[in-house]
K.L.:
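Please find one structure pasted underneath; my questions will follow.
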Amino acid sequence: PLGLGMGSGGCGRWEEEKKEDGVKWMQLEHRGPYFVPLYEPLPEDVQFYYDGKPLKLSLATEEIATFYAKMLHHEYTTKEIFQNNFFHDWRKGMTSEEQEIIKDLDKCDFREIHKYFVEQNEARKALPKEEKQKLKEEADKIQEEYGYCILDGHREKIANFKTEPPGLFRGRGEHPKMGMLKKRIMPEDVTINCSRDSKIPEPPEGHKWKEVRFDNTVTWLASWTENINNSLKYIMLNPSSKLKGEKDWQKYEVARRLKDVVHEIRAQYRRDWKSKEIKKRQRAVALYFIDKLALRAGNEKEEGETADTVGCCSLRVEHIQLHPQLDGQEHVVEFDFLGKDSIRYYNKVSVEKPVFRNLQLFMKNKDPTDDLFDHLTTTFLNKHLQHLMDGLTAKVFRTYNASITLQEQLKALTNPEDNVAGKLLSYNRANRAVAILCNHQRSIPKTFAKSMQVLQEKIDTKKKQVEEAQEEVKKAEDEYEDTKDAKAEANVEKKKKLLKRLEEQLAKLNIQATDKEENKQIALGTSKLNYLDPRISVAWCKKFGIPIERIYNKTQREKFAWAIDMAGEDFEF
DNA sequence: CGCACGGACTCAGAAATTTAGAT
DNA sequence: CATCTAAATTTCTGAGTCCGTGC
């Protein structure tokens, strides 16, 4: 229905007969989820201690105890909320006798159990090669049996074919539910979705499914309700599948359509800044942020159920500060809030004057904890966007701005004279510009400082070698001056060649160091995988003769097969 | 008929595992 | 060539967005 235009190339796999509205497949057959192994009790000599005395736990109580014991040295277990939630749920699982004894988490000693698991891990690592090989083969067999399905005649990889094992819930950031017990998923919890006439998956022996349904308007193979947030979890296809690939393609086509109308939309929200309706003004300012800063929409969240994070529409007064003047800039807005996954967004932005004025108005007579856009919801915003362009929602701006930024940055940064390493540095820098725009961060790798130092030492060594080689060249040249014999001439060439090689190695190391430093706190993967139209990258590779393997690994090439197939070097986003 | 709510899907960084490269 | 180590890749599952529906 979207009328997707084919790029150059074109291939059978990505163009197929249209299905009825909302229908996702005609045939779906699979084996159902793979259930993670049941709990194995601890050996007799591994004991739990309460108040200094060994205490034999019932099987269910012991299992939950092991979840905590495994995390003993994790920062989580030091948090009061984690401890309280864990202890509350643990006690619920205890027998009444155990409840009578175990009343204080501080008196619980899990150290021996913890030590046992550490040793188990080490033992597994130290296994002889053949044993490891055997384990791998077993895993491969499971993957082979449960990891694929048949969808409309194609064998497709499944993303998550295993049920999630039980354990303690670990939310991101200050999550009020951290430490709660995540229950084991049983076949009786699972709904299977497949085609009516397919081989219906067998539940494990002695069990039955909660339900088997035949709904071809959805893409999931199985689902269950998890007990922490009482929400659904799904088993779905791998990104390499045709179904997901087409959806991905469609996403970028919508973003490309935004390119045609974005100027009009920008003109529109600038007009709306002056509207008499406060609601319209708020919508226009929010949209300006979404467009300029690539903020997320920011749906309302249930208070106390999740970590306190916000997006654009849910920003509170306390999340911004207004500076009429700052560091030589006018109308500066200082943002400081926790976004998705409790990742901090911190930014100082000079905004257009009407935006600044409006923000002052929106903040007037409000408490810090009041909503900045108190008359705005994501539904209202998206209704408006839908009206401006078919399929337009707030998130499309992120996709659009990310992809257009990559394209522009590649154009600006790529030097055709550079070698492959130099061009790849440019690519990474363009990718990095997008990651910064989208605020994709990672924690600085634990070994960062050390490995940076090692690299710096390598550079210093190489520098010395280059200097020595330069002297060697000079010496050889002097000798040739004196002797003029062929052997000396050959020696000069040899030394020059060596020098050139060393200089190239040094340049490469320097590039590596620059890249590493610039990248230490930036996560490139998320934008590469979810925001950047892969056809831009494919075209860039073709244009500059960079092998596609240098920017996409195997998994990424599988996910972006559609783009690799269809994009020529002249593709424009 | 507006809106809460559930459902289905994309997007997210940490942790685990594997691979490659240095010694 | 073996072994250690860091980087790359894969796995995992939580956290968002957005839509349809039912009251």
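Chain naming here is simple, since letters A, B, ... match the order of the sequence lines and numbering starts at 1 in each.
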K.L.:
With DNA chain C as reference, determine whether A:G173 or A:N238 sits nearer its 5' end, using the nearest nucleotide of each.
P.N.:
A:N238

K.L.:
Specify the separation, in whole Å, of atom CZ of A:F161 and atom P of C:dC12.
P.N.:
8 Å

K.L.:
What residues form a side-chain hydrogen bond (donor to acceptor under 3.5 Å, both in side chains) with A:E138, not counting sequence neighbours?
P.N.:
none

K.L.:
State whether the side chain of A:R283 and the backbone N or O of A:F380 hold a donor-acceptor pair below 3.5 Å, judged by distance alone.
P.N.:
no

K.L.:
Under 4.0 Å between a side-chain N or O of A:H74 and OP1 or OP2 of B:dA14?
P.N.:
no

K.L.:
Any salt bridge linking A:K115 with A:E119? Criterion: basic side-chain nitrogen under 4.0 Å from a carboxylate oxygen.
P.N.:
yes

K.L.:
Can we call the ring centroids of A:Y427 and A:W540 under 6.0 Å apart?
P.N.:
yes

K.L.:
May I ask you to say what A:K251 touches in the nucleic acid, namely base, sugar-phosphate or nothing, with a heavy-atom cut-off under 4.0 Å?
P.N.:
sugar-phosphate

K.L.:
Which nucleotide in the list B:dA12, C:dC18, B:dG13 gets nearest to the side chain of A:N299?
P.N.:
C:dC18

K.L.:
Is the shortest side-chain N to carboxylate O distance from A:R535 to A:E253 below 4.0 Å?
P.N.:
yes

K.L.:
Within the pair A:K395 and C:dC18, is there a side-chain N or O less than 4.0 Å away from OP1 or OP2?
P.N.:
no

K.L.:
Once you apply a heavy-atom cut-off of 4.0 Å, does A:T309 come out as touching a base, just sugar-phosphate, or nothing?
P.N.:
sugar-phosphate

K.L.:
Could you tell me the separation between the CD atom of A:E302 and the C1' atom of C:dA15, rounded to a whole number of Å?
P.N.:
15 Å

K.L.:
Could you check which residues of residues 285-297 of chain A get a heavy atom under 4.0 Å from DNA chain C? Sort them by number, please.
P.N.:
A:R296, A:A297

K.L.:
Whole-Å distance between C:dT13 C1' and A:R184 CZ?
P.N.:
17 Å

K.L.:
Mind checking if A:S223 touches a base, just sugar-phosphate, or nothing, with heavy atoms under 4.0 Å?
P.N.:
nothing

K.L.:
Compute whether any side-chain donor of one residue and acceptor of the other, for A:S231 and A:N229, lie under 3.5 angstrom apart.
P.N.:
no

K.L.:
Determine: side-chain N/O of A:Y531 to OP1/OP2 of B:dT10, distance under 4.0 Å, yes or no.
P.N.:
no

K.L.:
From B:dG13, B:dA14, B:dA8, pick the nucleotide closest to the side chain of A:S443?
P.N.:
B:dA14

K.L.:
Expressed as a whole number of angstroms, how long is the span from A:N227:CG to C:dT13:P?
P.N.:
13 Å

K.L.:
Please give, in whole Å, the distance from B:dA12 P to A:L532 CG?
P.N.:
11 Å

K.L.:
Of all the choices, B:dC9, C:dC18, C:dA15, which nucleotide is nearest to the side chain of A:R172 once you look at every atom?
P.N.:
C:dA15

K.L.:
Quiz question: by atom type and distance under 3.5 Å, do the side chains of A:D533 and A:Q407 form a donor-acceptor pair?
P.N.:
no

K.L.:
Of all the choices, B:dC11, B:dC9, C:dT13, which nucleotide is nearest to the side chain of A:P165 once you look at every atom?
P.N.:
C:dT13

K.L.:
Ion pair present between A:D370 and A:R316, side-chain N to carboxylate O less than 4.0 angstrom?
P.N.:
no

K.L.:
Roughly how many Å is it from NZ in A:K528 to P in C:dA8, rounded to a whole number?
P.N.:
11 Å

K.L.:
Assign each of A:N553 and A:F169 to its nearest nucleotide of DNA chain C by heavy atoms, then name whichever residue's nucleotide is nearer the 5' end.
P.N.:
A:N553

K.L.:
Between atom CG in A:L524 and atom C1' in B:dG13, what is the gap in whole Å?
P.N.:
13 Å

K.L.:
Considering only heavy atoms, which members of residues 337-347 of chain A lie under 4.0 Å from some atom of DNA chain C?
P.N.:
A:G339, A:K340, A:D341

K.L.:
Do the side-chain N or O atoms of A:T379 get closer than 4.0 angstrom to the phosphate oxygens (OP1, OP2) of C:dC19?
P.N.:
no

K.L.:
Please classify the nucleic acid contact of A:G311 as base, sugar-phosphate, or nothing, using heavy-atom distances under 4.0 Å.
P.N.:
nothing

K.L.:
Identify which nucleotide among B:dC9, B:dG7, C:dT10 has an atom closest to any side-chain atom of A:K247, counting heavy atoms from C-beta outward.
P.N.:
B:dC9

K.L.:
Just compare B:dA8, C:dC19, C:dT17 and give me whichever is closest to any side-chain atom of A:T393.
P.N.:
C:dC19

K.L.:
Base, sugar-phosphate alone, or nothing: which one does A:E226 contact when heavy atoms must sit under 4.0 Å apart?
P.N.:
nothing

K.L.:
Categorize A:A307 for me: base, sugar-phosphate, or nothing, with a 4.0 angstrom heavy-atom threshold over every strand shown.
P.N.:
nothing

K.L.:
How long is the line joining CG of A:L529 and P of C:dT11, in whole Å?
P.N.:
13 Å

K.L.:
Hey, does the side chain of A:H440 come within less than 4.0 Å of B:dA12's phosphate (OP1/OP2), counting only N and O?
P.N.:
yes

K.L.:
Would you call A:K136-A:D140 a salt bridge at under 4.0 Å N-O?
P.N.:
yes

K.L.:
Taking only Lys NZ, Arg NE, NH1 and NH2, and the carboxylate oxygens of Asp or Glu, determine whether A:R184 and A:E63 approach each other closer than 4.0 Å.
P.N.:
yes

K.L.:
What contact category does A:K182 fall into here, base, sugar-phosphate, or nothing, at under 4.0 angstrom with non-hydrogen atoms?
P.N.:
sugar-phosphate

K.L.:
Counting side-chain heavy atoms from CB outward, which of B:dC9, C:dT10, C:dT17 is closest to A:T555?
P.N.:
C:dT10

K.L.:
Which residue, A:E305, A:E226, A:E302, forms the salt bridge (Lys or Arg N to Asp or Glu O under 4.0 Å) with A:K177?
P.N.:
A:E305

K.L.:
Compare the minimum distances between each of B:dC9, C:dT10, B:dC11 and the side chain of A:K24, then state the nucleotide with the smallest one.
P.N.:
B:dC9

K.L.:
Salt bridge or not for A:K242 and A:E156, using N-O below 4.0 Å?
P.N.:
no

